[in-house]
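Below: the structure, in structure tokens.
Worth knowing before you read on, the calculation uses all heavy atoms, side chains too, and leaves out hydrogens, waters and symmetry mates. Naming: A, B, ... by sequence-line order, numbering from 1 per chain.
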2 protein chains.
Amino acid sequence: MNEEGKKLAMALRSAYLTMHRRADFYFTQHGVTTDQFVLLHILAQEGAVTQQRLVERASSDPSTVRVMLVLLEGRCLVKRERHPVDGRARSVSLTERGLKVYQNLQSASEPFLDELLADYRSEEVQALLELLSRIPPAMAARKIRRARCQQVFVSESP
Amino acid sequence: MNEEGKKLAMALRSAYLTMHRRADFYFTQHGVTTDQFVLLHILAQEGAVTQQRLVERASSDPSTVRVMLVLLEGRCLVKRERHPVDGRARSVSLTERGLKVYQNLQSASEPFLDELLADYRSEEVQALLELLSRIPPAMAARKIRRARCQQVFVSESP
DNA sequence: TATTGTTATACTCTATAACTATA
DNA sequence: TATAGTTATAGAGTATAACAATA
């Protein structure tokens with residue numbers, strides 16, 4: 001039942017994981033993981049942002065982002081300062097060196113991006129972007145449901 | 001440069017990670033992770049398969065699949081026997097209990113699949129499936145390249 | 001020689017919950 | 001009270017490389 005949904009989920013899984021592996025193949029040769037590159041990319045695009053903003057943009061979660069930022073900070077690619085107006089928040093941005101590293105990584109990402117787009121015409125990319133964009137809103141966590149859910153584990157004792 | 005490719009990569013990332021989190025939200029309430037459910041699903045579809053086949057179908061890699069299977073075997077959901085004709089291979093299949101658990105998980109997956117499909121018409125799902133299906137072949141690892149690649153790390157000492 | 005899977009090991013991402021501090 | 005981030009901790013998936021057994 002609901003074969004269409006399963007097919008879509010599996011196709012999305014296959015596309016993403018294959019892409020992610022391929023990206024890692026390129027990026028790890030240059031000393032960063034794909035996920036680290038994503039953070040650098042967002043910071044290069046947006047300048048100084050809060051960690052919360054990074055969580056949203058990277059589709060990640062707070063503790064993952066924190067761990068990754070601490071790691072990148074240790075390599076002096078990123079700095080985390082107190083936010084000028086909201087004392088609770090951090091203002092995260094690229095260091096000078098972080099920017100330089102990011103720019104050097106552009107050339108590493110090109111063969112990857114070329115492969116990714118190789119089999120699409122421009123209109124098809126647009127169509128794919130539009131279709132993909134509907135998933136995050138549809139799946140946005142509405143944890144309220146949890147209250148109504150029972151822990152219906154299937155018994156594991158025979 | 002190559003903004004289109006980056007947008008596509010980020011959109012695919014966002015769609016997949018959001019979906020995966022949402023799926024975990026449902027499945028972990030029932031005692032399995034999404035990735036474990038994927039293996040159970042493939043085994044339910046295909047019957048007895050080699051681990052290599054599971055690697056392909058799950059878009060994973062051999063050691064990941066092995067770890068996951070050992071875990072599932074420990075819970076008696078899966079059995080791994082010697083392959084009848086190829087002595088190197090394992091023949092992996094669901095146990096009776098594994099099948100029962102899988103069937104019970106169907107009802108757990110339904111609200112998730114409904115959410116996933118909610119914003120698509122049927123033709124749109126077909127179009128999305130077709131577009132997504134082009135990525136794995138385009139990204140299939142051609143490790144041959146590695147021989148020609150240099151480790152051009154960006155210097156990290158100032 | 002090539003292939004299937006194992007093993008050891010390490011890394012990364014993910015997630016939860018209790019916590020601090022600021023708003 | 002609510003929010004931003006921290007911390008400790010745990011679990012899960014990913015990846016590599018050296019290895020054994022079999023083809």
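- Under the 4.5 Å side-chain criterion, counting only non-hydrogen atoms from C-beta, Arg75(B) is in contact with Gln36(B).
- The distance from atom CE of Met68(B) to atom C1' of dA15(D) is 15 Å, rounded to the nearest whole Å.
- Rounded to an integer number of Å, the gap from CG of Asp35(A) to P of dA15(D) is 11 Å.
- The nearest whole Å value for the distance from the CZ atom in Phe25(A) to the C1' atom in dT12(C) is 20 Å.
- Regarding Gln36(A), its CD atom lies at a distance of 17 Å from the P atom of dT14(D), rounded to whole Å.
- Within the structure, every side-chain polar atom (N or O) of Arg90(B) is placed at least 4.0 Å from both OP1 and OP2 of dT4(C).
- Regarding Arg22(B), its CZ atom lies at a distance of 17 Å from the C1' atom of dT14(C), rounded to whole Å.
- Arg57(A) pairs by the salt bridge (Lys or Arg N to Asp or Glu O under 4.0 Å) definition with Glu46(A), not counting sequence neighbours.
- Between Gln51(B) and dT4(C), a side-chain N or O to OP1/OP2 separation shorter than 4.0 Å is absent.
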Report, one pair per line, the protein and nucleotides 18-23 of chain C atoms (nitrogen or oxygen only) whose separation is under 3.5 Å.
residue : atom : partner  : partner atom : Å
dA23(C) : OP1  : Gly87(A) : N            : 3.0

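- For the pair His83(B) NE2 and dT6(C) P, the interatomic distance rounds to 14 Å; values are reported in whole Å.
- For Glu96(B), the CD atom counts as loosely surrounded, since its 6.0 Å shell holds 12 or fewer non-hydrogen atoms of other residues, nucleotides or ligands.
- Not counting sequence neighbours, the partners of Asp86(A) by the salt bridge (Lys or Arg N to Asp or Glu O under 4.0 Å) test are Arg88(A).
- Within residues 53-65 of chain B, the residues approached by DNA chain D to less than 4.0 Å at the level of any non-hydrogen atom are Ser60(B), Asp61(B), Ser63(B), Thr64(B), in residue-number order.
- Judged as a ring-ring contact (aromatic ring centres under 6.0 Å, His included), and not counting sequence neighbours, the contacts of Phe37(B) are Phe27(B), Tyr102(B).
- Both Thr50(A) and Thr33(B) lie close to DNA chain D; mapped to their nearest nucleotides by heavy-atom distance, the more 5′-ward contact belongs to Thr50(A).
- Residue pairs that meet the salt bridge (Lys or Arg N to Asp or Glu O under 4.0 Å) test with at least one member in residues 127-137 of chain A, sequence neighbours left out, are Glu130(A)-Arg134(A), Arg134(A)-Glu124(B).
- Nearest-nucleotide assignment on DNA chain D puts the 5′-proximal partner with Val67(A), out of Leu17(A) and Val67(A).
- Summarising the local packing, NZ of Lys79(B) is surrounded by more than 12 heavy atoms from other residues, nucleotides or ligands at distances under 6.0 Å.
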### Query
Do Val38(B) and Met10(A) pass the side-chain contact (heavy atoms from CB on, under 4.5 Å) test, and can you show the C-alpha distance, the side-chain angles, and the key distance before you say yes or no?
CA-CA 8 Å; Val38(B) 166; Met10(A) 288 298 277; 3.9 Å; yes
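- Asp24(B) has its CG atom 9 Å from the C1' atom of dT14(C), to the nearest Å.
- Looking at heavy-atom distances under 4.0 Å, Arg66(A) makes contact with a base.
- At whole-Å resolution of the value, CD in Gln52(A) and C1' in dT6(D) are 15 Å apart.
- In this structure the side chain of Met19(B) never reaches within 4.5 angstrom of the side chain of Leu8(A), judged on heavy atoms.
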